[in-house]
Amino acid sequence: MVEIIVCFKHVVDESELKVDRANNKINFEGAKTKISDDDKNAIEEAVRLKEKNGGTVIGLCLGKADARKSVKEALAMGCDKARLLSDPAFQDGDAIRTAYVLSQAIKRIGKYDIIITATGTTDVYSGIVGPALAEFLEIPQATFVSKVALAGDKVTLDRLMEEGVETVECDLPLLIAVAREINQPRFPTLIQIMSAGKKEVVEWKASDLGIEASTVGKNGSLVQVTSTQVPKSARKKILFEGSASESSERLADALLKEGVVN
Amino acid sequence: MPFYTEDQSKIISNLFPERAEEYNQLLESFGDFVEKEILPTARTIDKQGIFPKENMDKIFRQGFTNIPYPQDLEGLGLPYPIYIACMELVGKACASTAISLAIHGTVCDGLYRFGNREQHEKYLKDLITGRKLAAFGLTESNAGSDARAMTTQAILDSSGHWKINGSKMYITNSAKADYYFVFAKTDKGYAAILVPNETQGFSWGSNITKMGLRGSSLMGLNFDNVLVPKENLVGENGEGFEYAKKMLFGGRITIAALSVGIAQAALEKTITYSKEREAFGKHLSEFEITRAKVADMMTEIHGARLMTYYAALLKGREQDFGIEACEAKLYATEMALRVCNHAIQIHGGYGYTDEADVHRHWRDAKLMTIGEGTSEIMQVIISGKAFE
């Protein structure tokens, strides 16, 4: 039996975002939302561990009221219950404040063996929340995890390094930040989506977690996002004239110089 | 663009205002699944004529056929338009997969409406959940639109078996199906009889190749002194033809939905292409003539979708839906051909090539104006209402 808490984020669907070309800004109005892609890998791994070892999975999401949609999807994927941390005070916090709020919620839940997060989320990909959360909880952590094997109180993990795989062993409890290579998230069936509506979802506000509102969210954060812009990608449109052999040689030189080929 | 379209979502929201959020989440999720799991297979299935068994199994596992049936039959008890919206999504992704599922669905519908409790337990549950596959055996070589001209015969013999002799033609899911819902002439007119695939004397011909829907299985069936227990009769002996008609009315809504899905796929490809392709220094999308065509395509799709979902609503509420189903089928299938034609035209020479994968939609759409009752038969039925 294993008690798992999986953290996931409700984000804007980046594939649906429109760019306002006039001022190079992203238009967030009316943008579709979803569970961050890599967080689905985290949920999938949590559910697989439960299916194999028994136990429960609690989904934990920090977001606005519209995050209920993502919470329901996580329940459809196999989480047994969920906690939605929704309070205007939590909004626009940096990664450290987000991790702090999550840690307070996890302390309130109390019992856990494994906490699972993604390595990063598809909107900002700071990669900080998982490690910071482990620090707040004072438990060990493993990041870039591509394989999890649980045996008794010990867990063996494969970590995806740039040039190889590192295998580590750790005692419970711990925090695992998974890599997207770890699994292929399932599509919940229609009946699973329907029954997700009957599962327990509790909403917690700052006061429920003993958090002083001014210490979290935008006000409590050290990092402030001042603007979001789209990188400019203008084409150079260089034309090489001359005979085929001359121009192809110059083209090759230019490609080498630009680092397109090496 | 989300696979489950905004237009679909708005219609569903307004058909079911109290459960809009729940149904839209279901359909959005199903659309997501279809886009990621089914859509990428469609070209290969068409090119190589592969029977889409794998796709169908995945879709069955999602709970697709279960949608409109009550929970005691392992159904989900959801309204019929939800099933139809899902059918549109499958049609948009892969029409070969969708047609095979549509025929299976028509048999489920017939068995549910006309079969007895025992048949529900023994056959229908397996069909609803997709553990078994069904085919619909009505058409014969000399009995297409004129289905009453069928010559396949069933005689109840002294051993308590139906003895069936004859042949059927152009039967979808042939050789792949576990159960065949077969219509035959009897002493009392016509009967519907369930024939399991492994029955002695029952065989099928070779696969018939065709211009579209190349993944679906189409064959002739042969009955050579085929014996099935008398319990395999569905409903009453003598009522078979009425059952066939009623099943086809329901099937027509699914064909309409499938056609809307095909047209939607062609429209979306056209929008994408016209934003990329340049001519005379402008994108195609900037030309009024392109925009006028796209506007017509969108309007026709929207109209067909409304007609289709409305017919589905009537069917689900057990009101008369026959004429509405025929109108939806007539309009949606002919509309799909027009929309796919525009799509190829806007793609230009590229649209005519295999590379563009646009003519697949036109080829798939063509069958829709023929199967489950031709456009001309729809006109006969609809106009019959005017002059009754």
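These numbers come from a predicted model, not from an experiment. Order of the sequence lines sets the chain letters (A, B, ...), proteins ahead of strands, with each chain counted from 1.
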Using distance only, find each side-chain donor-acceptor pair of residues 52-62 of chain A under 3.5 Å and give its atom names and separation, not counting sequence neighbours.
residue : atom : partner : partner atom : Å
A:Asn53 : ND2  : A:Leu49 : O            : 2.8
A:Thr56 : OG1  : A:Glu3  : OE1          : 2.5

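For B:Leu78, the part sitting under 4.5 Å from any heavy atom of chain A is the side chain, from C-beta outward, and nothing else. Of the two parts of B:Ile67, only the side chain, counted from C-beta on, holds a non-hydrogen atom closer than 4.5 Å to a non-hydrogen atom of chain A.
Summarising the geometry, atom CZ belonging to B:Phe30 is positioned 6.5 Å from atom CG belonging to A:Leu190; distances are rounded to the nearest 0.5 Å.
Within a 6.0 Å sphere centred on CE of B:Met298, other residues, nucleotides and ligands contribute 12 heavy atoms or fewer. Atom OH of A:Tyr112 has more than 12 neighbouring heavy atoms from other residues, nucleotides or ligands inside a 6.0 Å radius. Environment of CD1 in A:Ile191: sparse, with no more than 12 heavy atoms of neighbouring residues, nucleotides or ligands closer than 6.0 Å.
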Only pairs under 3.5 Å, no angle test: what donor-acceptor pairs are there between chain A and chain B?
residue  : atom : partner : partner atom : Å
A:Lys69  : O    : B:Gln25 : NE2          : 2.9
A:Lys69  : NZ   : B:Glu28 : OE2          : 3.4
A:Phe187 : O    : B:Gln62 : NE2          : 3.3
A:Leu190 : N    : B:Gln62 : O            : 2.8

